[in-house]
Amino acid sequence: MHGIVGRRTVLREDQPDAAVEVRRKEAEVIAEAYRNEHRGDDCAALVTAIADALADLAAAEERAEATRRQVSRGYVRGAA
């Protein structure tokens with residue numbers, strides 16, 4: 001995987017150890033919250049977490065596409 005550090009994209013292995021540790025702790029807190037929500041059922045927690053992540057990804061893609069359409073319309077209007 002990769003991450004953004006400053007203005008350049010770097011491999012996760014190249015990120016400072018502190019940044020990796022913060023992400024890992026954040027992931028552990030999120031995982032525990034899903035596990036608690038599903039009363040210790042790891043499989044159900046994992047499926048719900050993945051479903052939520054996919055829904056967030058789809059929403060982000062929709063927002064990005066809407067932004068691209070707006071920018072495209074702006075260029076067309078500017079040329080007329």
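Below, each value reflects all heavy atoms present in this structure, side chains not excepted, and no hydrogens, waters or symmetry copies. Remember, it's a predicted structure, so these values are computed and weren't measured experimentally.
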Checklist line | Path from Leu54 to Tyr34 over hydrophobic side-chain contacts below 4.5 Å | finding: no
Item checked: Distance (rounded to the nearest 0.5 Å) between Arg35 CZ and Glu28 CD -> 13.0 Å
Notebook entry, point to check: Heavy-atom distance under 4.5 Å between the side chains of Glu65 and Arg69, does that happen here?
Noted result: yes
Next item on the list: List, by chain and then residue number, the residues other than Val22 in its hydrophobic cluster (Ile/Leu/Val/Met/Phe/Trp/Tyr, side-chain heavy atoms under 4.5 Å); write none if there are no others.
Entry: none
Note to self: Minimum heavy-atom separation for Arg68 and Glu61, please, with both atom names.
What the structure shows: NH2-O, 4.5 Å
Next item on the list: Look up atom OG1 in Thr48 and atom CG in Asp52, then write down how far apart they are to the nearest 0.5 Å.
Entry: 6.5 Å
